[in-house]
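The structure that follows is given in the form of structure tokens.
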Amino acid sequence: MADFELPPQYAPQDVERGLYRRWVDRGAFAPNPDPRREPYVIVIPPPNVTAVLHMGQGLNNVTQDVLIRFERMRSRAALWLPGTDHAGIATQNVVERIIATEGKSRFDLGRERFVERVWAFVRDTGNTILEQLKVIGCSCDWSRTRFTLDPEYSRAVREVFVRLWEEGLIYRGHRVIHWCSRCLTALSDEEAEAGESETGKLYYIRYPVENGPFPYLTVATTRPETMLGDTAVAVNPNDARHRAFVGKTARLPIVDIPIPIIADEAVDPLFGTGFVKVTPAHDAADFEIGVRHKLDMPLVMREGGTMGEATGNGERETGRVPKELEGLDRFQARERIVAMLRERGLLEKIEPHSYSLRRCYRCDTVVEPRLSDQWFVKMKPLAEPALRAYHEGEIRLVPERWGATYEHWLENIRDWNISRQLWWGHRIPVFTCAACGEQWADRQDPASCRRCGGTVEQDPDVLDTWFSSWLWPFATLGWPDQTPDLRRYYPGHTLVTAPEILFFWVARMIMAGYHFLGKRPFATVYLHGTVRDTQHRKMSKSLGNGIDPLDVVRLFGADALRWTAIAGISLGSDLTLDPNDLDTTFAPGRNFANKLWNIGRFVLAQLPESVQPIESIDVKTLPLADRWILSRLQATVAEATRSLEQFRLDEAAKRCFEFAWKELADWYVEAVKPRLSAAAAQAVLAYCFDTVLRLLHPVVPFITEELWQKLPGRKPDELLIVAAWPPPQLELADAQADQEFPLVQEAISSIRMLRAEYRVPPKARLRASLWPRTERARQALSGERETILRLAQLSELAFDGKRATVGAHAVLADGSEVFVALEGEIDVQRECGRLSGELARLDRQLSGLEAKLANQNFIARAPGEVVAREREKERGWRDQRQALADKLKSLGCS
RNA sequence: GGGCGAAUAGCUCAGUCGGUUCAGAGCGCCUGCCUUACACGCAGGAGGCCGGGGGUUCGAAUCCCUCUUCGCCCACCA
């Protein structure tokens, strides 16, 4: 008997913190330095420095932790590399909001002081989310924590920029990009998210036509305010209705200037009126038309989204914006222009129109297409190796279906706008000489022009935050230096992330990996689902339907959270949780932890100081229940291992749950209770519990570690986290036990059913008779007499070879008697009926299959393997048929 | 407009190659139980036209077509 007492309920709060500290203190999270160990590497999707943990990240990181703990126990040098992303726009926005409460803008502070302010903020709060990851048990190697703005990391970013520049893959593009008028920066195509379809208005506006076939034409637009920037009206060249207008001149209302009517293929004659107003500076498609027709491209909106002649960035005065609209917000301006048009009788009609607006992914402001000069990366050459890697199977997506999306994006890839008009981020290392105009990208900040010695100026913009995160798998390991870490831990193995950032991040990391190191960054991309509420809405702060993982940890423990995230989600599917009922949502995990705790409590109370190792026991001589549970354990090890290897984490978790609760606790523990003093029984019990704790450790690390350390024979410094994964080396599978113990279970269940059905009181003395139908069953059941008596709460048990019935005879407390008999599966007549029914069905199936196999068409057309499989099936059925027939014969039925 | 996914018990979801390991789990519900670990528990139970319709097949939750509903991704129809 152990000399300690455990409380009847598991209290996660009492153990989690201490255990985590022990793991850290013992350096358990660092990869094993033994060079013979094969590395296994996961790099964390770096959360934003400003982030606080939400369920989505909980799911993401717990998944990674399960994989890393699994591989660590499998003796690999497992490295999970953590870190954070500086998150350009997001972080800048947060700090801007903070200083706004002080009544200041970033412009009041100036660039240098503002950036210093952001750094101070990051130093203060930047570790929040990493600390929270510790609370949920993540076993990251914290000694290798990286930040995308670390000096070494920044060096990698700069190196990459300069290399791309030298390869001619970076260029200055003058074109229409997505512009956020609130963040005051350009955005990439991916950062301008198309949102929900919403109902807006389509305005039909008349433009007078000079000397045309008709005095005016009508254009349709959703953004009337952009008309100030129109430099043409276009029709489709094949549009017979409007052909006569081509070449004529329209008069742009309000601005009152002449604009040409041109023909361009891009115009869809079926949309609106077939006349399109062309605003090259504020619409990407119009820009293309403008280029083709060499049109002027005046900007009529300022960077902040107000109307006005824009200044700077190559824009010039055009006199297009009337005084009364000057400085007006674009949406107010829309109303005013519509009113002005109406006054002039030029507004034909307004129709409801449904479309989807693109919005800034950071502040949700409606994005404005805007002509400007930005830095772009040519993506085609980068995309090709990434595509090839997928086709050749060097990179695998799990689940596979995402491959199509990945391919489509890469095949249609567009150049990447990487400059942001922000202050927080990696400054673009492009330098321009004020004297001679020389422009180049440099690894070091030059003091003067490399050509003429004149003064140089650095580009004011910073890089897209994703331009640093796409280097994460190798920049975190010290690249561009050939560090030992880089050599050992690159390429990595598994990337775990949500499909939302497949383009933002995953595809780009693959491109960067091949381009800069010539090797894939990882072999497998595991894409998990999204966390949603019961209405299937994505959990988000703005919707207020989120669940704070830390609340869950507080209420139910980290293991309960982890259990729910892992066991509750199958490969690639979404995780639905109810934020209004945390108890229902997380109870299963908590209950399971408590169950484990109590199995542990029981086991520990029974076991002596030292237990025989299972290896020293001749398992073949053990009682049926022991052989059965060991056989089940062996199967569980095999299945759980295979499931984890295939990323079926839920299957692995559930299989172990099934073993621990249903097989070990419900059956074996109950069955073994009378023999607990036997050394062999103790050995089996200890071995089973020890092993299932190992299997469960990746999913529920805290409780398993806590219990495992208490098991007899444990050295004080032993930790489950670095213990060996259960090897399938012992031959514990026992086909006979697998067949016979279920008979015992069946008998017990039958009797229990009778008890319940006939309401036999628990205290009643009950006598049951069993009539096993085969010699083997008779042996098995006789051997388990004690178990049956105990688990079915019987006082007597009899066997009889003639009748196949389960019967029970009860004497109630008041002396009255109850006789119960089960006519179930062991009843001869019932059994005969059942078996002959089965035989008949099998015969039907068999004849169908035979017909199929006799069909020459099938043989000729079906693939060889299919035919082989069918033949195999036929053989199996024939054997089954034979066995059935034998059984029927042995029972003596016709 | 294209592409992808989902629909199975009251709820959240498993169900691989078409067949006796296919009607399953957890939660909830009902009936008994404080049986020498666990009431966060034990034992027993009820509850399903596997979204609708058609097809293939000896046989369909499973394969094909179609419809309905929901979700996601992509797309320069102003």
Side-chain angles (χ1 to χ4, degrees), chain A residues 6 8-10 176 194 202 219-223 226 234 266-273 275-279 283-289 353 355 369 399 401-402 404-405 408-409 412 499-500 502-503 529-530 532 534 536-538 556 560 567-570 572-578 581 583-585 587-606 648 650-651 654 657-658 665-666 669-670 673 748-749 752-757 759-763 790-793 838 841-842 844-852 865-866 869 873 877 880 884:
Chain A
L6 296 178
Q9 288 207 341
Y10 172 55
V176 170
L202 189 60
V219 299
T221 180
T222 54
R223 296 183 300 150
T226 64
V267 178
D268 177 0
L270 299 177
F271 185 88
T273 59
F275 288 108
V276 178
K277 59 189 277 303
V278 181
T279 322
D283 184 284
D286 291 4
F287 173 78
E288 300 296 328
I289 297 177
H353 181 61
Y355 53 85
R401 65 184 141 86
W402 286 102
T405 311
H408 182 259
W409 187 76
N412 299 288
E500 287 126 63
L502 188 57
F503 308 140
T530 309
R532 300 181 182 282
T534 46
H536 294 281
R537 298 176 307 178
K538 193 172 163 178
F556 309 102
I569 187 169
S570 68
S573 67
D574 288 344
L575 177 63
T576 311
L577 304 175
D578 188 349
D581 190 353
D583 214 62
T584 296
T585 307
R590 179 202 52 190
N591 294 354
F592 181 45
N594 197 242
K595 188 69 186 184
L596 281 176
W597 181 256
N598 277 289
I599 298 172
R601 225 156 69 95
F602 176 79
V603 169
L604 292 170
Q606 304 305 323
R648 315 286 308 220
D650 61 317
E651 274 183 6
K654 284 177 189 152
F657 169 93
E658 191 81 10
D666 285 354
V669 165
E670 294 305 328
K673 271 179 179 170
I748 293 166
S749 293
R752 283 172 174 170
M753 243 159 57
L754 292 171
R755 297 193 69 107
E757 197 174 339
R759 308 224 181 280
V760 181
K763 295 284 193 288
R790 189 186 151 71
L791 296 193
Q793 292 188 296
E838 204 172 308
R841 180 168 18 186
L842 202 53
R844 262 201 318 278
Q845 288 177 12
L846 204 50
S847 66
L849 191 58
E850 277 164 353
K852 192 178 195 175
E865 66 215 78
V866 171
R869 211 166 52 218
K873 210 184 326 185
W877 285 352
Q880 253 182 51
L884 267 178

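Residue numbers start from 1 in every chain, and the chains themselves are labelled A, B, ... in the order their sequence lines are given, proteins ahead of strands.
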A:His408 vs B:G2: side-chain N/O to OP1/OP2 distance below 4.0 Å: no
Distance between P atoms of B:U20 and B:C4 (Å, rounded): 31 Å
Whole-angstrom distance between B:C67 and B:C73, as gauged at atom C1': 24 Å
Base orientation of B:U20, syn vs anti, 90° cut from 0: syn
Syn-anti status, with the boundary at 90° from 0, for the nucleotide B:C17: syn
Aromatic ring proximity A:His408/A:Phe503, centre distance under 6.0 Å: no
Could you go over nucleotides 35-38 of chain B and give all protein N or O partners under 3.5 Å, atom names and distances?
{"residue": "B:A37", "atom": "O3'", "partner": "A:Arg601", "partner atom": "NH2", "Å": "2.9"}
{"residue": "B:A37", "atom": "O2'", "partner": "A:Asn598", "partner atom": "OD1", "Å": "2.4"}
{"residue": "B:A37", "atom": "O2'", "partner": "A:Arg601", "partner atom": "NE", "Å": "2.9"}
{"residue": "B:A37", "atom": "O2'", "partner": "A:Arg601", "partner atom": "NH2", "Å": "2.9"}
{"residue": "B:A37", "atom": "N7", "partner": "A:Lys673", "partner atom": "NZ", "Å": "3.4"}
{"residue": "B:A37", "atom": "N6", "partner": "A:Glu670", "partner atom": "OE2", "Å": "2.7"}
{"residue": "B:A37", "atom": "N3", "partner": "A:Asn598", "partner atom": "O", "Å": "3.1"}
{"residue": "B:C38", "atom": "O4'", "partner": "A:Asn598", "partner atom": "OD1", "Å": "2.7"}
{"residue": "B:C38", "atom": "O4'", "partner": "A:Asn598", "partner atom": "ND2", "Å": "3.3"}
{"residue": "B:C38", "atom": "O2'", "partner": "A:Asn594", "partner atom": "OD1", "Å": "3.2"}
{"residue": "B:C38", "atom": "O2'", "partner": "A:Asn598", "partner atom": "ND2", "Å": "3.4"}
{"residue": "B:C38", "atom": "O2", "partner": "A:Lys595", "partner atom": "NZ", "Å": "2.9"}
{"residue": "B:C38", "atom": "N3", "partner": "A:Lys595", "partner atom": "NZ", "Å": "2.8"}

Which atom of A:Asp650 lies closest to which atom of A:Ile569, heavy atoms considered: CB-O, 3.3 Å
Pair A:Asp283 + A:Arg223: basic N to acidic O under 4.0 Å: yes
Pairwise P distance for B:U8 and B:U16, with rounding to whole Å: 16 Å
Whole-angstrom distance between B:U62 and B:C50, as gauged at atom C1': 10 Å
Nearest non-hydrogen partners of A:Gln9 and A:Asn594, listed with the distance: CA-ND2, 3.4 Å
Touch class at under 4.0 angstrom, heavy-atom based, for A:Arg223 against every strand present: nothing
B:A78 to B:G55 separation - P atoms, rounded to the nearest Å: 43 Å
Geometric cation-pi criterion A:Lys595 and A:Tyr10, 6.0 Å radius, 45° cone: no
Pairwise P distance, B:U66 and B:C76 [rounded to whole Å]: 28 Å
Rounded distance in Å between the P positions of B:G32 and B:C70: 44 Å
Sugar-phosphate, base or nothing in reach of A:Ala756, heavy atoms under 4.0 Å: sugar-phosphate
Proximal nucleotide (of B:A78, B:G44, B:G71) relative to the A:Arg532 side chain: B:G71
Euclidean distance for P, B:A39 against B:C27 (whole angstrom): 15 Å
Sugar-phosphate, base or nothing in reach of A:Ala587, heavy atoms under 4.0 Å: nothing
Check: A:Leu604 and A:Leu6 side chains under 4.5 Å, non-hydrogen atoms: yes
Closest to the A:Asn591 side chain, choosing from B:G41, B:A78, B:C76: B:G41
So which protein nitrogen or oxygen atoms get under 3.5 Å of nucleotides 4-13 of chain B's nitrogens or oxygens?
{"residue": "B:U12", "atom": "O3'", "partner": "A:Thr576", "partner atom": "OG1", "Å": "3.3"}
{"residue": "B:C13", "atom": "OP1", "partner": "A:Thr576", "partner atom": "OG1", "Å": "2.4"}

Partner set under ring pair (Phe, Tyr, Trp, His ring centres under 6.0 Å) for A:Phe592, not counting sequence neighbours: A:Trp563, A:Phe657
Shortest non-hydrogen contact from A:Leu791 toward A:Arg752: O-NE, 3.3 Å
Minimal non-hydrogen separation, A:Ala234 against A:Val267, with atom names: CB-CG2, 3.7 Å
